[in-house]
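Down below is the structure, laid out as structure tokens.
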Amino acid sequence: MKLWQRWNELWEAIGGTENTITRNRAYARLRGFYCEPHRAYHTMAHIESCLGLLDRSELAHHENRLALEWAIWLHDIVYDPHRTDNEDLSAEQSSLFLGSAGVGRAFERSTSKLILATKFGHDPKTADEKVLLDIDHSILGESPNVFDEYDRAIRQEFSFVPWYAYVAGRKKVIERFRDRQPFFHTDAYRNSDYETRVQANLTRALERLTTNPDPLLTP
């Protein structure tokens, strides 16, 4: 299914306005955010991948499927590597989108909580928060080639940071992830190849930070 078709179906499912101009403008605005030139990983491809994981049968047990899917669409709508409040701003944008759609406050509050749960270091409390975080972080347990491509894309998004400073900051993030065992929050991921691969991927990323030159300067 094409992404715009899926957006249309979700819009209708949450009770969004039947005004097609409003719906289409919302989708165009959403794509505008995710197609910003400074993004290398946090793009529409990331959203499409997350939606595909949501559809997997082993992740079918959640509390509010519509809120979870909306949160996937909007959780990275604001992504500025210079900022530390991207999740807060993404939740605000989500509220604006839902306001234009004419959707009630209860749904807006549910989706905002899910988006805010994607903050780095957040300890998920609800089943939906756990599913969302595992989907969002699944890239860390992907095959080595896929993970390495992600790792390079993150460096590209932080290309404005000098290599020595990037190494120091990135090491802290990776070490914090690596110290979390088990890494994933749901049984679906803990009992899968994602859990077994994540430690090897993170260890390799740490080694690459200390032994390799800046990938932005290598062919």
Side-chain angles (χ1 to χ4, degrees), residues 1-119 122 124 126-139 150 153 157 186 188:
M1 179 187 299
K2 293 181 178 180
L3 280 177
W4 69 268
Q5 290 177 309
R6 182 154 188 164
W7 172 261
N8 290 344
E9 290 186 4
L10 178 60
W11 185 276
E12 293 175 3
I14 65 175
T17 174
E18 295 181 3
N19 187 319
T20 56
I21 294 177
T22 300
R23 183 193 62 201
N24 293 342
R25 283 178 176 172
Y27 183 70
R29 190 160 182 264
L30 180 107
R31 284 193 63 87
F33 276 100
Y34 282 107
C35 292
E36 292 169 330
H38 64 269
R39 298 180 185 236
Y41 172 71
H42 295 87
T43 64
M44 287 296 283
H46 170 55
I47 301 306
E48 187 171 15
S49 175
C50 288
L51 290 171
L53 290 171
L54 178 64
D55 292 339
R56 285 171 39 172
S57 59
E58 61 264 36
L59 293 177
H61 303 291
H62 35 64
E63 299 166 338
N64 189 332
R65 167 65 185 245
L66 294 179
L68 190 53
E69 180 161 348
W70 181 269
I72 286 176
W73 278 98
L74 275 293
H75 78 284
D76 281 330
I77 190 170
V78 176
Y79 180 75
D80 181 350
H82 295 85
R83 305 186 65 105
T84 59
D85 58 350
N86 288 307
E87 294 83 5
D88 298 276
L89 296 177
S90 292
E92 291 178 10
Q93 284 295 324
S94 173
S95 297
L96 291 174
F97 272 67
L98 290 170
S100 70
V103 177
R105 288 282 296 166
F107 188 80
E108 182 269 326
R109 287 192 294 269
S110 297
T111 53
S112 290
K113 287 180 180 179
L114 286 171
I115 292 169
L116 293 173
T118 64
K119 288 184 178 183
H122 176 79
T126 69
D128 283 355
E129 288 181 4
K130 292 176 181 179
V131 170
L132 178 60
L133 263 64
D134 280 2
I135 288 175
D136 195 28
H137 292 159
S138 65
I139 188 69
Y150 148 82
E157 291 181 339
T186 63

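On a predicted model such as this, the values are computed, not experimentally measured, just so you know.
Of the inter-residue distances, the one linking L89 atom CG with D80 atom CG reads 9.0 Å to the nearest 0.5 angstrom. Once rounded to the nearest 0.5 Å, the distance linking CZ of R29 with CG of N24 reads 15.0 Å. In this structure, OG in S94 is found 13.0 Å from CZ in R109, a value given to the nearest 0.5 Å. Here the straight-line distance linking atom SG of C50 with atom CG of L54 works out to 9.0 Å at 0.5 Å rounding. Separation of atoms CZ (F107) and CG (N64) is listed at 6.0 Å; rounding is to 0.5 Å. Between the CD1 atom in I77 and the CD1 atom in I47 there is a gap of 9.0 Å [rounded to 0.5 Å].
In this structure the side chain of L3 reaches within 4.5 angstrom of the side chain of Y27, judged on heavy atoms. Side-chain contact between H75 and S90: absent, with no pair of heavy atoms (C-beta onward) separated by less than 4.5 Å. Between T43 and E48 there is no side-chain heavy-atom pair separated by less than 4.5 Å.
Classification of the H46-Y41 ring pair by plane angle, with boundaries at 30° and 60°, yields tilted.
In this structure, L53 and S138 approach most closely via the heavy-atom pair CD1-OG, 3.0 Å. What you find for E129 and P124 is that their closest heavy atoms are OE1-CA, 3.4 Å. The two atoms that bring A91 and S112 nearest to each other are O-OG, 3.9 Å, heavy atoms only.
When atom types are taken as modelled, the side chain of Y34 and the backbone of H42 share no donor-acceptor pair closer than 3.5 angstrom. Judged purely by atom type and a 3.5 angstrom limit, W11 uses its side chain to pair as donor or acceptor with the backbone of T17. In this structure, R23 contributes its side chain and W7 its backbone to no donor-acceptor pair below 3.5 Å. Side-chain N or O atoms of Q93 include none that pairs as donor or acceptor with a backbone N or O of L74 at under 3.5 Å. Checking side-chain atoms of D136 against main-chain N and O of L132 turns up no donor-acceptor pair under 3.5 Å. Although no hydrogens or angles enter the test, the distance criterion places a donor-acceptor pair under 3.5 Å between the side chain of T118 and the main chain of I115. A donor-acceptor pair under 3.5 Å is formed between the side chain of H38 and the backbone N or O of Y79. A side-chain donor-acceptor contact under 3.5 Å links D128 to the backbone of E63.
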Criterion side-chain contact (heavy atoms from CB on, under 4.5 Å) on E108 and V103, from CA distance to verdict: CA-CA 7 Å; E108 182 269 326; V103 177; over 6 Å; no

Would you check, one step at a time, whether the test side-chain contact (heavy atoms from CB on, under 4.5 Å) holds for W73 with R6? CA-CA 10 Å; W73 278 98; R6 182 154 188 164; 4.1 Å; yes

Between L98 and I14, is a side-chain contact (heavy atoms from CB on, under 4.5 Å) present by the stated rule, with each step listed? CA-CA 9 Å; L98 290 170; I14 65 175; 3.8 Å; yes

Walk me through it: do N86 and D76 pass the test side-chain contact (heavy atoms from CB on, under 4.5 Å)? CA-CA 8 Å; N86 288 307; D76 281 330; over 6 Å; no

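Residues satisfying the side chain to side chain donor-acceptor pair (under 3.5 Å) criterion with H137, sequence neighbours excluded, are absent altogether. Applying the side chain to side chain donor-acceptor pair (under 3.5 Å) criterion to T111, with sequence neighbours excluded, gives no partner residue.
Using modelled atom types and a 3.5 Å distance limit, the side chains of E87 and H122 yield no donor-acceptor pair. Of the N and O atoms on the side chains of D134 and T186, at least one donor lies less than 3.5 Å from an acceptor on the other residue.
Between D85 and K119, no side-chain nitrogen of the basic residue sits less than 4.0 Å from a carboxylate oxygen of the acidic one, so the salt-bridge criterion is not met.
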